[in-house]
Amino acid sequence: MWRTASKQVIRTVGSSLSDLSPLAKQLHASPGSKKIVGVFYKANEYAAKNPNFLGCVERSLGIREWLESQGHQYIVTDDKEGPNSELEKHIPDLHVLITTPFHPAYVTAERIKKAKNLQLLLTAGIGSDHIDLKAAADAGLTVAEVTGSNVVSVAEDELMRILILVRNFVPGYQQVINGEWNVAAISYRSYDLEGKTVGTVGAGRIGKLLLQRLKPFNCNLLYHDRLKIDPALENEIGAKFEEDLDVMLPKCDIIVINTPLTEKTRGLFDKERISKLKKGVLIVNNARGAIMDTQAVVDACSSGHIAGYSGDVWNPQPAPKDHPWRYMPNHAMTPHISGTTIDGQIRYAAGVKDMLDKYFKGEDFPQQNYIVKEGKLASQYL
């Protein structure tokens with residue numbers, strides 16, 4: 001599922017938690033009204049175009065009426081950065097903070113220290129690396145996300161990006177909108193996906209779904225993970241397990257990153273590791289931008305060592321206007337959109353509501369949703 005550097009332990013998503021804090025405590029909502037703050041992106045004029053557009057400020061996961069009918073205060077904003085931000089004003093007395101990977105509120109140790117009433121941090125989606133998880137564990141907070149809510153969304157997006165890179169689609173599209181027509185400029189580096197070797201770094205929920213979707217393309221499928229896929233599923237997919245990351249990577253025509261961001265995976269693809277990849281490799285990264293060395297990717301795309309790089313994750317997010325990935329050659333980057341499809345939003349909005357309801361009632365969440373529980377950190381973030 002989740003990958004670290006070569007010959008290091010690769011953590012898997014699961015319910016295993018390791019004790020980090022003497023401040024471990026049960027999560028029970030104290031009686032009375034709760035102050036709940038949500039941080040989402042603004043949809044502006046697009047909010048009115050789809051009633052199921054739940055993951056934005058304007059619709060606020062569709063839970064405002066439900067929360068307020070129970071006497072709770074629900075404040076929603078997109079203003080999340082800096083000492084004068086709207087979020088910062090509410091840090092001292094909020095009880096619950098809901099944020100999202102698509103417009104992350106960075107919950108630092110400093111913010112956690114200021115949040116005297118904070119009990120619960122919820123991620124509307126998957127991936128809680130925007131939170132200082134050790135600080136949260138040390139403070140006895142609960143951190144949870146809606147595990148599985150957008151795995152289909154992300155796996156489908158990864159498949160799309162693979163095809164966009166393999167077929168050299170973006171330059172062709174640019175020709176059309178620029179009024180040009182030069183078939184040779186596209187086709188000299190356009191290939192079939194069939195017969196190519198595709199390796200996923202991590203074969204958790206998203207990685208397995210991607211491998212299943214790649215099977216009909218008759219690729220040579222490889223995966224690297226701490227644990228092997230169930231033998232029956234592995235046989236059905238036709239994927240081969242690679243124990244050593246650095247043995248697998250040079251074999252790949254296409255590499256897909258499916259690992260969370262941890263201290264062990266931060267900068268995993270640095271200049272040295274990228275230099276050992278097959279010349280002309282294609283890389284898809286919908287995991288986290290900081291898994292890649294930013295400048296190393298720029299240099300490799302500029303030299304042609306990486307023939308194409310696509311993803312929707314950046315470091316930081318939102319990406320500044322001068323981020324070098326915006327301007328490097330041979331890329332097919334987008335804002336962080338893969339997991340926030342309308343279908344994904346419906347699922348993670350429902351998951352947040354379910355966990356809030358359980359929080360109010362003093363009930364446990366689904367075990368796989370916990371990232372930090374009772375001072376213990378989930379294994380994939382160790």
Side-chain angles (χ1 to χ4, degrees), residues 40-47 49-50 53-57 78 99-104 123-127 129-130 149-178 186 190 193 198 200-201 206-207 209-210 213 254-261 269 281-295 297-298 300-302 306-345 348:
F40 312 111
Y41 54 80
K42 274 189 177 178
N44 299 311
E45 69 271 22
Y46 301 104
K49 294 181 180 293
N50 191 327
F53 195 168
L54 300 177
C56 56
V57 166
D78 72 324
T99 185
T100 169
F102 314 106
H103 187 72
T123 298
I126 302 171
D129 51 90
H130 54 281
S149 59
N150 52 17
V151 292
V152 169
S153 312
V154 177
E156 289 183 355
D157 187 272
E158 289 176 342
L159 178 57
M160 174 190 74
R161 291 175 191 275
I162 289 170
L163 289 167
I164 283 172
L165 293 179
V166 168
R167 289 303 181 93
N168 204 22
F169 175 84
V170 171
Y173 170 75
Q174 290 171 336
Q175 278 192 19
V176 169
I177 61 175
N178 291 333
I186 309 305
S190 175
L193 180 54
V198 184
T200 176
V201 181
I206 295 170
L209 287 174
L210 175 65
R213 282 154 176 73
I254 302 158
I255 296 167
V256 186
I257 313 300
N258 280 307
T259 176
L261 177 62
F269 282 79
V281 69
L282 305 175
I283 299 177
V284 171
N285 179 16
N286 282 358
R288 288 295 182 266
I291 293 169
M292 317 299 292
D293 180 315
T294 298
Q295 190 58 47
V297 171
V298 173
C301 284
S302 299
I306 295 177
Y309 183 90
S310 184
D312 69 336
V313 288
W314 306 69
N315 182 34
Q317 290 190 180
K321 290 185 178 180
D322 62 351
H323 195 292
W325 285 1
R326 292 181 182 268
Y327 309 105
M328 66 186 181
N330 305 321
H331 82 78
M333 295 294 296
T334 68
H336 196 169
I337 57 171
S338 63
T340 190
T341 62
I342 296 299
D343 302 283
Q345 290 178 45
Y348 63 68

His336 and Phe102 aromatic ring geometry - parallel, tilted or perpendicular at 30°/60° bounds: perpendicular
For His323 against Thr294, the heavy-atom pair lying closest together: CE1-CG2, 3.8 Å
Distance, nearest 0.5 Å, that separates CZ of Phe269 from CD1 of Ile255: 5.5 Å
Min side-chain heavy-atom separation Glu156-Thr341 under 4.5 Å: no
Close side-chain approach of Ile254 and Leu165, heavy atoms under 4.5 Å: no
Pairwise distance CG(Leu210) to CD1(Ile206) - rounded to 0.5 angstrom: 9.5 Å
Stepwise side-chain contact (heavy atoms from CB on, under 4.5 Å) check, Val152 with Arg213: CA-CA 10 Å; Val152 169; Arg213 282 154 176 73; 4.1 Å; yes
Min side-chain heavy-atom separation Thr334-Arg161 under 4.5 Å: yes
Point-to-point distance, once rounded to the nearest 0.5 Å, from CE of Met292 to CD1 of Ile283: 4.5 Å
Chi angles and distances behind the side-chain contact (heavy atoms from CB on, under 4.5 Å) call for Ile162, Leu193: CA-CA 8 Å; Ile162 289 170; Leu193 180 54; 3.8 Å; yes
Within-4.5 Å side-chain heavy-atom neighbours: Tyr41 and Asp78: no
Side chain Asn315, main chain Gly289, donor-acceptor under 3.5 Å: no
Shortest non-hydrogen contact between Ala287 and Thr259, atoms and distance: CB-O, 3.2 Å
For the student: nearest non-hydrogen atoms of Phe53 and Cys56, plus distance: O-SG, 3.3 Å
Tyr309 to Cys301 - nearest heavy-atom pair and separation: CB-SG, 3.8 Å
Donor-acceptor pair between Thr100 and Tyr348 side chains, under 3.5 angstrom: no
Run the side-chain donor-acceptor check on residues 168-176: report pairs under 3.5 Å with partners two or more places apart or on a different chain.
residue	atom	partner	partner atom	Å
Asn168	ND2	Ile186	O	3.1
Gln175	OE1	Asn182	N	2.7
Gln175	NE2	Asn182	O	2.9

Within-4.5 Å side-chain heavy-atom neighbours: Asn150 and Thr340: no
Interatomic distance, His103 atom NE2 to Phe40 atom CZ [nearest 0.5 angstrom]: 10.5 Å
Backbone N/O of Ala47 and side chain of Asn44: donor-acceptor pair under 3.5 Å: no
Least distance between heavy atoms, Pro101 atom then Ala124 atom: CD-O, 3.6 Å
Heavy-atom closest contact (Met333 atom, Asp312 atom, distance): CE-N, 4.3 Å
Distance, nearest 0.5 Å, that separates OG of Ser310 from CG of Asp157: 7.5 Å
Student check: side-chain heavy atoms of His130 and Thr123 closer than 4.5 Å: yes
Stepwise side-chain contact (heavy atoms from CB on, under 4.5 Å) check, Ile306 with Asn330: CA-CA 8 Å; Ile306 295 177; Asn330 305 321; over 6 Å; no
Separation between OG of Ser153 and CG of Leu209, rounded to the nearest 0.5 Å: 10.0 Å
Residue pair Asp129 / Pro260, side-chain heavy-atom distance below 4.5 Å: no
Any Trp325 side-chain heavy atom under 4.5 Å of Val297 side chain: yes
